[in-house]
**Student:** 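One structure, as structure tokens, below. Some questions next.
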Amino acid sequence: LETEQKADYPKVLEFPSIDSLIITAHLYQIDETSPFILLCHQARFNKFEYAGIAERLNKMGFNCMAIDQRSGGPIGNTQNETYLRAVQANKGIDYVDAEVDIVAAINYIKANFAEKVILWGSSYSSTLALYLATERDDIRAVISFSPGNYLADVKGSLIEKLEAFDKPMFLTSSKNEAKYVEALLEKHKLKEKQIHFVPEGYGHHGSRNLWINQQDGEEYWTAISSFLNSMKE
């Protein structure tokens, strides 16, 4: 990996969404055979939510792609290019509007890199990830940071959809949000390789729990590492 981290790492990709809007992505690829993770950001954020996270996932033996979804925005001086194109094209930028971008990214990974994907979401995208994981055979596992049932009016209750869900899944949140994750599992009994991780510390909303030097971050890394290692078995 060290030899690959040149100017083109991560590699910038562009490909069309389901409605032809161009999606910008960062590809963090270590080889052609390791498991593949699709990384989806939270509200008002972009693919740079995973800067630092993706590199560490690479070192753990996973290829990754982080995308800009149309529902998002800047982080510091980094832009969400998919969002900017959507605004310019007068397209919807609500949470549910971004689902087609996640679907298109899964399809792109299937066509170019791996038959199945581990789908990783943060906040609203973690909720969309759970819906998609219940529907699509090409999602082998789901990682969901701070999901909720707030899209139930549009997409049906996640509580019902997760009742019989049997794929590997890792659900977590800040400590204060754990009750919302628990509510999603109201009718579900956790099976093998299904984890609801509640942190000892306070934690944060979404995948930024894993940012470099984040307070309480290492307990999240320990838990997610254990889960991901089980994906290699």
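Keep in mind that this is a model prediction, so the values were computed, not measured.
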**Student:** Ring centres under 6.0 Å, that's the criterion: do Trp120 and Phe145 meet it?
**Tutor:**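 When the ring centroids of Trp120 and Phe145 are compared, they turn out to be within the sub-6.0 Å range.
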**Student:** Is the shortest side-chain heavy-atom distance between Leu13 and His26 below 4.5 Å?
**Tutor:**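 No; the side chains remain at least 4.5 Å from each other.
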**Student:** According to side chain to side chain contact (heavy atoms under 4.5 Å, CB included), who are the partners of Asn63, at least two apart in sequence or on a separate chain?
**Tutor:**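 Listed in chain order: Gln29, Ile30, Asp31, Ser34, Phe36.
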**Student:** Can Glu160 and Lys187 be counted as an ion pair, charged N to O under 4.0 angstrom?
**Tutor:**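 Between Lys187 and Glu160 there is a salt bridge, with a charged N closer than 4.0 Å to a carboxylate O.
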**Student:** Run the salt-bridge test on Asp138 and Lys110 with the 4.0 Å N-O cut-off and return the result as yes or no.
**Tutor:**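 A salt bridge is present here (some side-chain N lies under 4.0 Å from a carboxylate O).
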**Student:** Taking 4.0 angstrom as the limit, do Lys189 and Glu163 come out as a salt bridge?
**Tutor:**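 Here Lys189 does not pair with Glu163 in a salt bridge, since their nearest N and O are not under 4.0 Å apart.
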**Student:** So, Glu218 and Arg56, do they make that salt bridge, N to O below 4.0 Å?
**Tutor:**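 Between Arg56 and Glu218 there is a salt bridge, with a charged N closer than 4.0 Å to a carboxylate O.
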**Student:** Under the criterion side-chain hydrogen bond (donor to acceptor under 3.5 Å, both in side chains), I'd like the reasoning laid out for Glu219 against Thr222: C-alpha separation, chi angles, the key distance, then a yes or no.
**Tutor:** CA-CA 5 Å; Glu219 65 169 319; Thr222 299; over 6 Å; no
**Student:** For Ser126, run the side chain to side chain contact (heavy atoms under 4.5 Å, CB included) check against Ser173, Cys40, Ser144 and tell me which one passes.
**Tutor:**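 Considering Ser173, Cys40, Ser144, a side chain to side chain contact (heavy atoms under 4.5 Å, CB included) with Ser126 is found only for Ser144.
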**Student:** Would you check, one step at a time, whether the test salt bridge (Lys or Arg N to Asp or Glu O under 4.0 Å) holds for Glu81 with Lys47?
**Tutor:** CA-CA 9 Å; Glu81 295 167 66; Lys47 59 191 175 294; 3.3 Å; yes
**Student:** How are the rings of Tyr9 and Tyr28 set relative to one another: parallel (under 30°), tilted (30 to 60°) or perpendicular (over 60°)?
**Tutor:**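 Rings of Tyr9 and Tyr28: perpendicular, as their planes differ by over 60°.
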**Student:** Give, for atom CD of Gln42 and atom OG of Ser123, the distance between the pair rounded to the nearest 0.5 Å.
**Tutor:**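 Here the rounded value is 5.0 Å.
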**Student:** If you define the side chain from C-beta out and look only at heavy atoms, does anything of Leu39 sit under 4.5 Å from Ile67?
**Tutor:**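 Counting from C-beta outward, Leu39 and Ile67 never come under 4.5 Å.
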**Student:** Going by an N to O cut-off under 4.0 Å, is there a salt bridge joining Glu99 and Lys155?
**Tutor:**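 Between Lys155 and Glu99 there is a salt bridge, with a charged N closer than 4.0 Å to a carboxylate O.
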**Student:** Residues two or more places apart in sequence or in another chain: which of them pass side-chain hydrogen bond (donor to acceptor under 3.5 Å, both in side chains) with Lys11?
**Tutor:**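 With sequence neighbours excluded, Lys11 shows a side-chain hydrogen bond (donor to acceptor under 3.5 Å, both in side chains) to no residue whatsoever.
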**Student:** Which pair of heavy atoms, one from Thr82 and one from Thr24, lies closest together, and at what distance?
**Tutor:**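 So the two residues come closest at OG1-N, 3.2 Å.
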**Student:** Is it true that the side chains of His204 and Gln215 contain a donor and an acceptor less than 3.5 Å apart?
**Tutor:**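 On atom types as modelled, these side chains do not qualify, holding no pair under 3.5 Å.
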**Student:** How about Phe48 and His41: are their ring centroids closer than 6.0 Å?
**Tutor:**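 Ring centroids of Phe48 and His41 are no less than 6.0 Å from each other.
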**Student:** Any salt bridge linking Asp19 with Arg70? Criterion: basic side-chain nitrogen under 4.0 Å from a carboxylate oxygen.
**Tutor:**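 Counted as a salt bridge, because a side-chain N and a carboxylate O are separated by less than 4.0 Å.
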**Student:** Looking only at non-hydrogen atoms, find the nearest pair between Phe197 and Thr172 and report the distance.
**Tutor:**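 What the structure gives for the nearest pair is O-OG1, 2.7 Å.
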